[in-house]
Undergrad: 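Quick one: the structure is below, questions incoming.
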Amino acid sequence: CIGLTSIKFAFDGKFEMAVIAIIVAGIIDGLDGRIARLIGGASKVGKELDSLTDVISFGVAPSFIMYFWSINEIGKFGWLLVLVYTVCCALRLARFNLTKIHEDEPWKINFFEGVPSPAAAGLVLLPLILNLSDIVDLLNINNLFKEENNKIISSIVILITSILMVSKVPTYSLKRIVIPRSLGGFLLLGIGTYISVLIFYTFEILFLTGLVYITLIPASYLHHKHLNKKSSESQEDEIEDIL
């Protein structure tokens with residue numbers, strides 16, 4: 001419902017509310033599984049329904065928002081980008097549902113294969129978020145982000161994000177991060193500070209958060225590669241011991 005409502009906001013030209021609706025959908029997506037397990041309501045139907053709603057909230061809605069904002073100016077190619085992104089999101093979620101982690105490689109549960117759909121939605125909306133923030137004026141780069149350039153930048157971002165979704169590039173599964181109890185207080189303080197700053201500088205913080213996530217992609221790739229190599233070496237050692 002929130003994903004579809006964001007499309008309505010974009011259609012009415014209320015792009016600030018459209019972006020916020022997608023962020024709210026992302027927060028709910030991160031909590032729904034935990035709530036379902038907490039109240040004993042987890043089921044196979046819920047698992048499938050979660051992916052179907054993700055296609056709407058993080059596949060259809062973000063691409064429509066960007067279409068209404070800028071890429072509709074490039075005609076049929078703009079609509080093609082909407083289709084490409086939405087299809088890639090559906091393929092990514094279908095692959096996620098079929099992904100199985102082998103018992104001998106439990107560390108892989110900390111990684112996704114490709115950029116997850118909620119993160120992809122945030123990346124696709126980055127040009128719009130930047131435009132809604134005061135960062136462009138602060139850095140005095142208004143010439144780079146003129147209206148005629150928005151459609152080009154948005155098209156490039158959508159294409160790259162679509163490729164990252166269906167790629168096999170490992171990315172961190174932020175839902176699986178385990179925080180030691182000794183750091184619980186610092187975590188709560190950090191979350192409280194982040195939310196407080198987010199309220200006053202919403203789009204500036206959202207854009208910076210997107211940049212941080214982009215830097216995590218190569219970091220997660222290198223980390224995954226290191227753990228995979230370490231796991232392979234340990235398996236070879238076990239085989240040698242058996243022999």
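From a predicted model like this one, the values you see are computed outputs, not experimental measurements.
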Undergrad: Under the criterion ring pair (Phe, Tyr, Trp, His ring centres under 6.0 Å), I'd like the reasoning laid out for Phe64 against Trp69: C-alpha separation, chi angles, the key distance, then a yes or no.
TA: CA-CA 8 Å; Phe64 266 77; Trp69 180 59; over 10 Å; no

Undergrad: Would you say Val19 ends up clustered with Ile205 if hydrophobic residues are merged whenever their side chains have heavy atoms under 4.5 Å apart, either directly or through other cluster members?
TA: yes

Undergrad: Mark yes or no for whether Ser57, through its side chain, and Asp54, through its backbone, hold a donor-acceptor pair below 3.5 Å.
TA: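 Absent.
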
Undergrad: Report whether Leu189 and Leu187 are members of the same hydrophobic cluster (ILVMFWY, side-chain heavy atoms less than 4.5 Å apart, transitive linking).
TA: no

Undergrad: When rounded to the nearest 0.5 angstrom, what distance separates CG in Leu128 from CZ in Phe207?
TA: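 These two atoms lie 11.5 Å from each other.
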
Undergrad: Return yes when atom OH of Tyr194 has more than 12 non-hydrogen atoms of other residues, nucleotides or ligands closer than 6.0 Å, and no otherwise.
TA: yes

Undergrad: How close do Val157 and Thr161 get, counting heavy atoms only, and between which atoms?
TA: O-OG1, 2.7 Å

Undergrad: Is it true that, when you exclude Tyr213 itself, more than 12 heavy atoms of the residues, nucleotides or ligands shown sit nearer than 6.0 Å to its OH?
TA: yes

Undergrad: Do you know which two heavy atoms are closest between Ser70 and Ser154, and how far apart they sit?
TA: OG-OG, 3.3 Å

Undergrad: When you group the ILVMFWY residues by side-chain heavy-atom contacts below 4.5 Å and let the links chain together, are Val166 and Leu123 in the same group?
TA: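 Different hydrophobic clusters.
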
Undergrad: Using a 3.5 Å distance criterion without hydrogens, assess whether the side chain of Ser220 forms a donor-acceptor pair with backbone atoms of Pro170.
TA: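 Indeed, once roles are kept as given, a pair shorter than 3.5 Å links the two residues.
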
Undergrad: Hey, does Phe111 have a side-chain heavy atom less than 4.5 Å from the side chain of Leu227?
TA: yes

Undergrad: If we only count heavy atoms from C-beta on, is the Leu132 to Ile129 side-chain gap below 4.5 Å?
TA: no

Undergrad: More than 12 heavy atoms of other residues, nucleotides or ligands under 6.0 Å from OH of Tyr221: is that the case?
TA: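 No.
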
Undergrad: Does Leu164 belong to the same Ile/Leu/Val/Met/Phe/Trp/Tyr cluster as Leu83, with side-chain heavy atoms less than 4.5 Å apart forming each link?
TA: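 They do share one cluster, since a chain of ILVMFWY contacts under 4.5 Å joins Leu164 to Leu83.
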
Undergrad: Spell out, as yes or no, whether a donor-acceptor pair under 3.5 Å connects the side chain of Thr215 to the backbone of Val212.
TA: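 Answer holds: yes.
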
Undergrad: Is there a side-chain contact between Ile214 and Leu126 in this structure, where contact means two heavy atoms from C-beta onward sitting under 4.5 Å apart?
TA: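 Ile214 reaches Leu126 side chain to side chain.
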
Undergrad: Does Glu113 reach the side chain of His224, with side-chain heavy atoms less than 4.5 Å apart?
TA: no

Undergrad: As an exercise, state the distance from NZ of Lys151 to OH of Tyr67, rounded to the nearest 0.5 Å.
TA: 13.0 Å

Undergrad: Who pairs with Asp134 by salt bridge (Lys or Arg N to Asp or Glu O under 4.0 Å), at least two apart in sequence or on another chain?
TA: none

Undergrad: Between Ile56 and Leu4, is any pair of side-chain heavy atoms under 4.5 Å apart?
TA: yes

Undergrad: Measure the CD1-CG distance between Ile158 and Leu125 for me, rounded to the nearest 0.5 Å.
TA: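 CG of Leu125 is found 9.0 Å from CD1 of Ile158.
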
Undergrad: Testing the basics here: between Ala61 and Gly3, what is the closest heavy-atom pair and its distance to 0.1 Å?
TA: CB-O, 3.4 Å

Undergrad: Taking only residues two or more places apart in sequence or in another chain, which ones pass side chain to side chain donor-acceptor pair (under 3.5 Å) with Thr86?
TA: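 Here the qualifying residues are Ser63.
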
Undergrad: Any side-chain heavy-atom pair from Ile65 and Ser6 closer than 4.5 angstrom?
TA: yes

Undergrad: With rounding to the nearest 0.5 angstrom, report the OG to OH distance, Ser117 to Tyr85.
TA: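 Ser117 OG to Tyr85 OH: 7.0 Å, rounded to 0.5 Å.
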
Undergrad: Are Ile199 and Ile195 close enough, and set up right, to give a side-chain contact (heavy atoms from CB on, under 4.5 Å), and what steps lead you there?
TA: CA-CA 6 Å; Ile199 292 173; Ile195 293 175; 4.2 Å; yes

Undergrad: Under the side-chain contact (heavy atoms from CB on, under 4.5 Å) criterion, do Ile74 and Leu81 qualify, and how do the steps go?
TA: CA-CA 10 Å; Ile74 53 180; Leu81 289 173; 4.2 Å; yes

Undergrad: When you measure from the side chain of Arg92 to the backbone N and O of Val115, does any donor-acceptor pair fall under 3.5 Å?
TA: yes

Undergrad: Mind checking whether Ile7 and Phe68 have side chains closer than 4.5 Å, heavy atoms only?
TA: yes

Undergrad: If we only count heavy atoms from C-beta on, is the Leu216 to Thr171 side-chain gap below 4.5 Å?
TA: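 Of all side-chain heavy-atom pairs linking Thr171 with Leu216, none is under 4.5 Å.
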
Undergrad: How about Tyr172 and Phe112: are their ring centroids closer than 6.0 Å?
TA: no

Undergrad: Give me the atom names and distance for the closest heavy-atom approach of Asp29 to Pro118.
TA: OD2-CG, 3.5 Å

Undergrad: At what distance, to the nearest 0.5 angstrom, does CD1 of Ile23 lie from CG of Leu206?
TA: 5.0 Å

Undergrad: Would you check if the side chain of Ser167 reaches a backbone N or O of Gly114 as a donor-acceptor pair within less than 3.5 Å?
TA: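 Such a contact is absent between Ser167 side chain and Gly114 backbone.
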
Undergrad: Between Leu159, Ile153, Ile152, which is the residue that forms a side chain to side chain contact (heavy atoms under 4.5 Å, CB included) with Ile156?
TA: Ile152

Undergrad: Distance check, rounded to the nearest 0.5 Å: Ile160 atom CD1 versus Met165 atom CE?
TA: 12.5 Å

Undergrad: Quick one: closest heavy-atom pair of Arg37 and Ala42, and the distance?
TA: CG-CB, 4.3 Å

Undergrad: Out of curiosity, does Leu93 fall in the hydrophobic cluster containing Leu52 (side-chain heavy atoms, cut-off under 4.5 Å, transitive links)?
TA: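 No, no single cluster joins them.
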
